[in-house]
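Below is one structure, written out as structure tokens; the observations come after it.
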Amino acid sequence: MDSTAQTFMQLAIDAAQRVYSTAPNPRVGCVIVRDGQVVGTGLHEKPGEHHAEVNALLAAGELAKGATAYVSLEPCCHFGRTPPCTQALINAGIEKVVFAMFDPNPLVAGKGVQALRDAGVKVEGPILEDEAKALNRGFIRRMTEGLPFVRCKMAMSLDGRTAMASGESQWITGPQARSDVQRLRAESCAVVTGVNTILSDDPALNVRAEQLQHKEAQAIAERQPYRVIFDSSLRTPPESKVLQLPGDVLFMVGAPHSSQLQRFDGSAAKILSVETLPGGRVDLQAAMRVLAQDYSCNEVMVEAGPTLSGAMIQAGLVNEVIIYIGAKFLGSDALPLLQLPGLQHMADHIGLKIVDATDIAGDCRITAQVINR
């Protein structure tokens, strides 16, 4: 594939990156090119609305006939909330389709490419496949493994502490770093925490749209991610902030007693009984499968204390960690970043690959992939 094709495909990928989340659908961008010029650009903005190909075709109008479509994901060929994009491309007279990656959805998975070829449309791809896959890590994992892509967000001092021994933790990082967290929440289908964090910090866990510098901020205010609380014995106070705000709250519990459930009568929260481990703790993998399969969550962010965050990492469920580091020391009596029991030897370590380190107004954000669990 020549560099010109890569350039146009990058434009399609860039278009898809303009939205925070299209869950449960993948992020997709498309550009229509005729005689070496872009005549239409489209992206999928939210479920139930036109897909990227249709928006690009609408922008191109009659110029789409005989043109080439560059799409960051294999066009769909099935009826969902909208008609198949393959047929829209065929009806518009598109001569060639270049795609970045095959769709992992079993309803598509090569069938879209075949439908186009059967109709006489030239098809080329994959191209810039790695870049396209990075757009939809959660969608891919949900389709192939039945699990969401999980990132664990943490904040610590330069000496690796998250709070004073008293529990005081506001604020380790500055306002710009905290605002950056809003972007991560906006990209997530669910924000997960544990009951101990609810009891100690009373967090809201919502997305504050006013802190987002993006045209989709208003849409985010209307589409809050699920707020998920691991609370095996339902100790969360009904007056907690997380229960007072718009949006869906999901409790992951074992088998609560009826008296515990009565405390939440009249609440909009959903109490989900999931499998438990010996000792009564919720099975973390079972809970993640519930989020992926029953709630169509592509991306999940863990914002929890050292116990739940460490347990998620040790269970092999965390794909990426994002650590905000404040330029301060909190001392040896302060609380640690993670609880990771059982690591006795260097060979027991959990390996990370640092992929980004960014200064945010004097704080540092480190992004790392978990490569050895």
Side-chain angles (χ1 to χ4, degrees), residues 101 104 129-163 172-173 177 180-181 183-185 187-194 197 228 230 277 281-289 291-292 297-327 329-330 332 334-360 363-373:
M101 61 171 286
E129 186 174 19
D130 290 343
E131 291 86 343
K133 286 182 175 179
L135 271 176
N136 290 301
R137 296 176 296 180
F139 180 75
I140 294 168
R141 194 177 191 214
R142 180 165 69 86
M143 287 295 158
T144 58
E145 301 179 47
L147 290 166
F149 181 90
V150 180
R151 59 172 58 91
C152 184
K153 168 258 162 185
M154 296 169 280
M156 70 176 192
S157 61
L158 198 56
D159 55 345
R161 303 292 167 164
T162 62
I172 291 176
T173 57
D180 192 62
V181 173
R183 174 186 58 83
L184 295 177
R185 288 183 184 174
E187 292 175 357
S188 303
C189 304
V191 178
V192 170
T193 197
T197 297
V228 182
F230 282 79
L277 300 173
R281 286 182 175 268
V282 170
D283 185 318
L284 300 178
Q285 182 164 112
M288 290 300 105
R289 290 197 182 279
L291 291 179
C297 290
N298 291 335
E299 299 179 28
V300 168
M301 183 162 76
V302 178
E303 286 194 66
T307 301
L308 179 57
S309 296
M312 289 285 293
I313 291 172
Q314 289 193 302
L317 294 169
V318 174
N319 304 98
E320 181 178 85
V321 296
I322 299 179
I323 304 175
Y324 293 86
I325 304 174
F329 293 135
L330 297 187
S332 58
L335 302 179
L337 180 68
L338 292 167
Q339 293 288 346
L340 296 170
L343 305 183
Q344 301 295 324
H345 307 284
M346 284 298 293
D348 299 329
H349 77 278
I350 296 171
L352 303 172
K353 178 183 178 182
I354 296 176
V355 296
D356 180 70
T358 300
D359 175 82
I360 302 180
D363 296 320
C364 180
R365 183 190 66 215
I366 292 179
T367 303
Q369 298 170 351
V370 182
I371 58 175
N372 174 31
R373 299 186 289 275

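The shown structure was predicted, so the numbers you read here are calculated from the model rather than taken from an experiment. Hydrogens, waters and symmetry mates are skipped; everything else that's a heavy atom, side chains included, is used.
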Which one of Leu308, Ile322, Val321, Asn319 satisfies the side chain to side chain contact (heavy atoms under 4.5 Å, CB included) criterion with Cys152?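 Passing option: Val321.
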
Ignoring hydrogens, what is the shortest heavy-atom contact between [X] and [Y]? Give both atom names and the distance.
| X | Y | result |
| --- | --- | --- |
| Leu317 | Gln285 | CD1-N, 3.6 Å |
| Pro336 | Pro306 | O-CB, 3.7 Å |
| Met288 | Pro148 | O-CD, 3.4 Å |
| Thr193 | Ala304 | OG1-CA, 3.7 Å |
| Arg141 | Gly316 | NH2-O, 4.2 Å |
| Asp363 | Ala177 | OD2-CB, 3.7 Å |

To the closest 0.5 Å, what do you measure between [atom1] ([X]) and [atom2] ([Y])?
| X | Y | atom1 | atom2 | value |
| --- | --- | --- | --- | --- |
| Thr307 | Phe230 | OG1 | CZ | 13.5 Å |
| Arg142 | Arg289 | CZ | CZ | 13.0 Å |
| Ile323 | Leu337 | CD1 | CG | 5.5 Å |
| Asn298 | Cys189 | CG | SG | 4.5 Å |
| Ile325 | Met154 | CD1 | CE | 10.0 Å |

Where at least one partner belongs to residues 302-317, residue pairs that pass salt bridge (Lys or Arg N to Asp or Glu O under 4.0 Å), sequence neighbours excluded: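 Qualifying pairs: Lys153-Glu303, Arg185-Glu303.
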
All side chain to side chain contact (heavy atoms under 4.5 Å, CB included) counterparts of Leu335, not counting sequence neighbours: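 If we apply the side chain to side chain contact (heavy atoms under 4.5 Å, CB included) test to Leu335, skipping adjacent residues, the hits are Thr162, Ala163.
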
Listed partners of Asp348 passing side chain to side chain contact (heavy atoms under 4.5 Å, CB included), at least two apart: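 Residues passing side chain to side chain contact (heavy atoms under 4.5 Å, CB included) with Asp348: Leu343, Gln344, His345.
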
For the residue pair [X] and [Y], establish whether any side-chain heavy-atom pair is separated by less than 4.5 Å.
| X | Y | value |
| --- | --- | --- |
| Val300 | Arg151 | no |
| Asp180 | Tyr324 | yes |
| Ile350 | Ile313 | yes |
| Glu145 | Ile140 | no |
| Arg161 | Met156 | no |
| Val228 | Val191 | no |
| Leu277 | Leu284 | no |

Using the test side-chain hydrogen bond (donor to acceptor under 3.5 Å, both in side chains), find all partners of Thr367 that sit at least two apart in sequence or belong to another chain.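 Thr367 satisfies side-chain hydrogen bond (donor to acceptor under 3.5 Å, both in side chains) with no other residue.
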
List the residues meeting salt bridge (charged side-chain N to carboxylate O under 4.0 Å, His left out) with Asp356, not counting sequence neighbours, and say none if there are none.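 Asp356: salt bridge (charged side-chain N to carboxylate O under 4.0 Å, His left out) contacts with Arg365.
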
Which pairs would a plain distance check flag for residues 131-139, meaning a side-chain donor or acceptor within less than 3.5 Å of a matching protein atom at least two apart in sequence or in another chain?
unit_1, atom_1, unit_2, atom_2, d
Asn136, OD1, Arg27, N, 2.6
Asn136, ND2, Arg27, O, 2.9
Arg137, NH1, Glu320, OE2, 3.0

Any donor-acceptor pair under 3.5 Å linking the side chain of Thr197 with the backbone of Gly305?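 Judged by distance alone, yes, a pair lies under 3.5 Å.
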
